[in-house]
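Read the numbers this way: they start at 1 and go in the same order the structure lists the ligands and their atoms.
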Amino acid sequence: MKRYPPAIRAFPHMIHGADYNPEQWLKWKDEIWQEDIRLAKQAGMNSLSVGIFAWSMLEPEEGEFHFEWLDEVMDLLAENGMKAVLATPTAARPNWLAEKYPEVLRMNDQRVRNLFGGRHNHCMSSPAYREKARIINTKLAERYKDHPALGMWHVSNEVSGDCHCPLCQQNFRLWLKEKYGSLDAINEKWWTTFWSHRYTKWEQIESPTRNWMGERDVHGLRLDWLRFTTDQHISFYRAETAPLKEITPDVPCTANLMADCEELDYYAYAKELDIVSWDNYPCWRGDEKGDVPIAIHAAFCHDLMYGLKRKPWFLMESSPSCTNWQPVAKLHRPGNLLRQSMQAVAHGSDSVQYFQFRKSRGSSEKFHGAVVSHEGTEKTRVYKDVCSVGETLKTLDDVVGTVKDGKAALIFDYHNNWALQDMRGALQERTAYRTEIEKHYAVLWKKHVPVEIIDQTCDLSTYKVVFAPMSYMLRGDFAKRVEAYVEQGGTFVTTYLTGYVDDTDLCFRHGFPGPLRKTLGIWAEELDSLYPEDENSIEWNGQSYRAHSLCELVHPETAKMLGQYGSDFYAGMAALTENVLGKGKAYYIAARTDEDFLSDFYQTVLDESGVSGVLKDQPFNGVSAQRRTDGEREYVFLMNFADTEKQITVDGESITLSPREVKLHTR
Ligand code: GLA
Ligand code: ZN
């Protein structure tokens, strides 16, 4: 049986809940709190996330604590058989804290300190902030450790960003000392002789700036700053959770992530979490043409969240109606909320939670979608939509804890992404790597292949095929592990721009793809960037496919040429190669192509490596199929991303899906 225990102990259900801010309604509590719980229960909700931004109501002045209101909310939840996803309040701070300890306010890369305001903007080094967080978190844990409603800890909220204050500069230098030992090592690894940037004292090292005002062209510096910032967030998370772990060791801790955030290494951060959670806000368009790309992006994000720990995860937030910060705040079309929610479950979520339960009356989120609107009753269309999600989740107890068990992996590596963002000479589009990875993902998604998204540090041995496009930076022992993986029978597929630089962004000497040269059996001599109007082609398997943007000039060494360029001075040179190594194979696609080529080529790779989609012989027609399994039974979620009726064949049975419908097929 492949199944994880439910995240909330002894609560083997899909979690259905929302961010809830009863503290905003303290003055009207008699009228509103009971009613909120009644409405939540009636909608099939079994959990509410409380306390997320409640610090100023919990500790209105330094050392003066007011937990009475939270006691009452926790009791109400428990009396109604509901759970609290209880937050530490550190994502936003009370005025007094910033006033008394200005060091808690972040400094930007221009060395300007923030004023009080906003949220998610504290300094992670500040001893004062750590101490105040420790005190409030300890009090919360002590007060609620035996409370029957306490289900899970929600640590802070959507952590991100960096701080350039003197305390952080100091910590950065200590971090570097520990990593490199000497300035000589840094000067070598960061290649600082370039433009005369050599360091002769530790104090000369300053965090990078985003513009020309300071240092931004030493790539090793920027990479290490991003790594340091990830470690700062980890260190703050550890400090925050220390009292929680000590006082409530059985209560899992999560932090809600943002799958589109690229500035932290989430694989490293997720190691700290007991369970991954994230906040999903797709901009659905309402028709098939618009919604399929949105569905693919959401699916990618969900699979990324799964891949962080290769475990089921939590949908911590999603909007039950419009999202106020997206460029267009379009309403969910009928059926869309259920489909959006089930898509998360299909990709491994054990929860559907919303932002927010009740709309706030004032400030910037008063028009953000919520379960309960300003009108305040169960009469609304949105409320009824939420009820339908509740009804469906109640039928899915069996799915809780089940896994993806994907036999195909796609590598998305944060460090490689950072290095590619800095690269000059081939691409000027900073998002090219992520876009390209999502393009490869789309091809597999349309084949209904369960894919796990992993990074270069993850174990490869459970996969039959690993796709690793644009592995420009090869970190640590990744190349060695790929070699062993292929030798033992794995299939490895990569593309142009692979094996150029090492961990610190220094180019490999003696030819690209560096330490993967033996595994891939090629030498990549030059890289041609094409203008948008330029085209070449890959001639493969009797067909001609468009190649564009980036074309690498490669020489097969031990590899066999499968496809060749169709034109220009490199016509006839290898554009697609296959190298046999030990029991496995490594493929190289030397140019950027479109989905048509990837779809055809990947089909042969999948067939050869014995990986099949959830549905057989079912070309994509707007319906996506994803499965979860406990190793015996498979739960196949069929999701119609079209606004028209669709027919599909599952295990020989023809199934009709109405517009936006989701169906569960068990086998
Ligand atoms: C984020 C935050 C929430 C809220 C929502 C609105 O996800 O975590 O507090 O601001 O956005 O969409
Ligand atoms: Zn700082």
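For the pairing with Asp291, the side chain to side chain donor-acceptor pair (under 3.5 Å) check across Arg339, Arg333, Arg285 returns one residue only, Arg339.
Enclosure of atom CD in Gln34 is not indicated, since only 12 or fewer non-hydrogen atoms of other residues, nucleotides or ligands lie within 6.0 angstrom.
At a heavy-atom cutoff of 4.0 Å, ligand 1 is surrounded by Phe53, Arg119, Asn157, Glu158, Asp279, Tyr281, Glu317, Trp325, Phe355, Glu365, His368.
Using cut-offs of 30° and 60° for the angle between ring planes, the Phe641 and Trp284 rings count as parallel.
Judged by distance alone, with hydrogens and angles left aside, the side-chain atoms of Trp69 form a donor-acceptor pair with the main-chain N or O of Met57 at under 3.5 Å.
Not less than 6.0 angstrom separates the ring centroid of His197 from the ring centroid of Trp190. Phe236 has its ring centre less than 6.0 Å from the ring centre of His122. Taking the six-membered ring for Trp, Trp313 and Tyr306 have ring centres at least 6.0 Å apart.
In this structure, Lys29 satisfies the cation-pi test against Trp33, with its NZ or CZ atom closer than 6.0 Å to the six-membered ring centre and inside 45 degrees of the ring normal.
Below the 2.8 Å limit, the Zn ion (ligand 2) has as protein N, O or S neighbours Cys123 SG, Cys163 SG, Cys165 SG, Cys168 SG.
A side-chain donor from one of Gln353 and Ser49 sits under 3.5 Å from a side-chain acceptor of the other.
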